[in-house]
Amino acid sequence: MVSEHTSSSNAQVLVASNRGPITYTLGEDGTLDAKRGGGGLVSGLSAVDDKLWVCAALGDGDREAVRRGVGEPGVRMLDIDAEVHADAYNGIANSVLWFVHHLLYQTPVEPVFDTEFRRQWAAYERYNRAFAEALAQEAGPEAAVLVQDYHLALVPGMLRELRPDLRIGHFSHTPWAPVDYFRLLPDDIAEQLLRGILGADRAAFLTRRWADAFIGCCTEILGGTGRTRIGVHGLGADADFLRRRSHEADVDERMAALREQVGENRKTIVRVDRTELSKNIVRGLHAYRTLLETRPEWRERVVHIAFAYPSRQDLAVYRDYTAAVQSLATEINGEYGTESWTPVVLHVKDDFARSLAAYRLADVALVNPIRDGMNLVAKEVPVVSDHGCALVLSREAGAYEELGEDAIVVNPYDVTGTAEALHEALTMSGDERSGRTKRLAEAATALPPQRWFLDQLEALRQG
């Protein structure tokens, strides 16, 4: 056991996640450039001044920064062996746990839990152990530790053994698989994952649905959740930041460029995603093609702005998916495009300012994931939209729980149904669209990132 006296920082609030708030790039001349990240967790943690963020070194620049002792106050980066990290992160977290919770397996041929899986699982255990030991070392007596996501599902149980005095929380940013699908995992691994999270005093989720699925797995496999309390915190959009950022000069420039690509007097259907398998971009493009095929009146009158930013390109299945998105967009443009009209405007280079420009321009936002823990795009577009935006939303997105009443809801597998929903969204009256957008924005910002984090911290400390 690591006693409180070995603590090197005596921190009272600690956060653990695979990715930290800063990344380092190693230049050819040996210099290190630091870049700060964004997202809900970074925004949320700004609400707490005195905290320590424990994260992994993700690349050569990060590892070099750790070796040189370069860093910033409040961040401890762990230089875990690169092969161990690769096996834990790509082999288990992204290729097994992500697939289970998002129901992505083609079950006639996968998964195959063989000796290679067991080797990678051992790396996942080592990776989680490194985090647990670092947290145990850094935490002050009875500190609050908030562990983030599926990458670190074993940390709460390991940390509980090392430091029983701590208040430990775990937050899942993904969906949680229903019990029948969760049991695709080997029985011992399924049990180990559940017991790992149940090492926390409190396990929290983005929606009631995901929390109930976790409880169902614990009940079926372990007989219950033990002493662990279960919470729900629906992360919302940061309205102040989004409204301010979306009216800066670089966003205005990109709006002008997008307007030129769209052309005069045309409506826009906007989607902004990573090329992540669960985002369902290919079926979304098929639905748009079906709209043009079955509703010819929309030809030359609508443009689909699709931002599909490459994700996890070190995995072949993701590279293939990105290529499929690009290929289908090219097909649609070849089939329906004219000299003056490009039906699909596809961008694959990540550009936040351009995303905000698209949000402002959107007449319709298409958010049709197969399954999604929340999906902040669905919450961000109504906040930023200049003239009101109809939201076509998958019932399998966590955001559906809060936004479903004012969205046009679709089954993400139903291409013809999604095409009809796009038509309904495009023909919605201005008054109705405006009213819905206002209500969507209110619901979307009900729990902004700072409040979301503070609510969890307060609930954890209450015991």
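Computed from heavy atoms alone, side chains included, the values below leave out hydrogens, waters and symmetry copies.
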Original post:
N128 side chain to H151 main-chain N or O, any donor-acceptor pair under 3.5 Å?
Top reply: yes
Original post:
So with a 6.0 Å cut-off around CG of D240, is the heavy-atom count from everything else above 12?
Top reply: no
Original post:
Would the number of heavy atoms belonging to other residues, nucleotides or ligands and lying under 6.0 Å from OH of Y400 be above 12?
Top reply: no
Subject >> salt bridge (Lys or Arg N to Asp or Glu O under 4.0 Å) partner of E402, chosen from R209, R208, K379 >> reply: K379
Original post:
For F171, which of V147, V15, L206 qualifies under side chain to side chain contact (heavy atoms under 4.5 Å, CB included)?
Top reply: L206
Original post:
Can a salt bridge be assigned to the pair D188 and R118 using a cut-off of 4.0 Å between side-chain N and carboxylate O?
Top reply: yes
Original post:
If you measure only the distance, is there a donor-acceptor pair under 3.5 Å linking the side chains of E276 and Y321?
Top reply: no
Original post:
Does E142 pair with R163 as a salt bridge, N-O distance under 4.0 Å?
Top reply: no
Original post:
How about L162 and Q137: do any of their side-chain heavy atoms sit closer than 4.5 Å?
Top reply: no
Original post:
Quick one: are the ring centres of Y150 and H101 less than 6.0 Å apart?
Top reply: no
Original post:
Are side-chain heavy atoms of E138 and L14 found at a separation under 4.5 Å?
Top reply: yes
**OP:** Name the orientation class of the two ring planes belonging to Y127 and H85 (parallel below 30°, tilted from 30 to 60°, perpendicular beyond 60°).
**Re:** perpendicular
Subject >> Residues forming a side chain to side chain contact (heavy atoms under 4.5 Å, CB included) with P178, sequence neighbours excluded >> reply: L103, Y181, R371
Original post:
So with a 6.0 Å cut-off around CD of E405, is the heavy-atom count from everything else above 12?
Top reply: no
Original post:
How about F113 and W121: are their ring centres within less than 6.0 Å of each other?
Top reply: no
Original post:
So does D252 pair up with R360, basic N to acidic O under 4.0 Å?
Top reply: yes
**OP:** With R354 as the cation and F307 as the aromatic partner, state whether NZ or CZ is under 6.0 Å from the six-membered ring centre and within 45° of the axis.
**Re:** yes
Original post:
Would you call R119-E116 a salt bridge at under 4.0 Å N-O?
Top reply: yes
Original post:
How about D60: does its CG atom have over 12 heavy atoms from other parts shown lying under 6.0 Å from it?
Top reply: no
Original post:
Are F214 and W176 an aromatic pair by the rule of ring centers under 6.0 Å?
Top reply: yes
Subject >> Enclosure of R126 CZ (heavy-atom neighbours >12, cutoff 6.0 Å) >> reply: no
**OP:** Would you mind reporting whether V377 and K279 have side-chain heavy atoms less than 4.5 Å apart?
**Re:** no
**OP:** Check step by step if side-chain contact (heavy atoms from CB on, under 4.5 Å) holds for L393 and I408.
**Re:** CA-CA 6 Å; L393 180 64; I408 299 170; over 6 Å; no
Original post:
In terms of heavy-atom contacts, does CZ of R274 have more than 12 from other residues, nucleotides or ligands at under 6.0 Å?
Top reply: yes
Original post:
Hey, mind stepping through H173 and W98 against ring-ring contact (aromatic ring centres under 6.0 Å, His included) and telling me if it holds?
Top reply: CA-CA 11 Å; H173 294 262; W98 183 272; over 10 Å; no
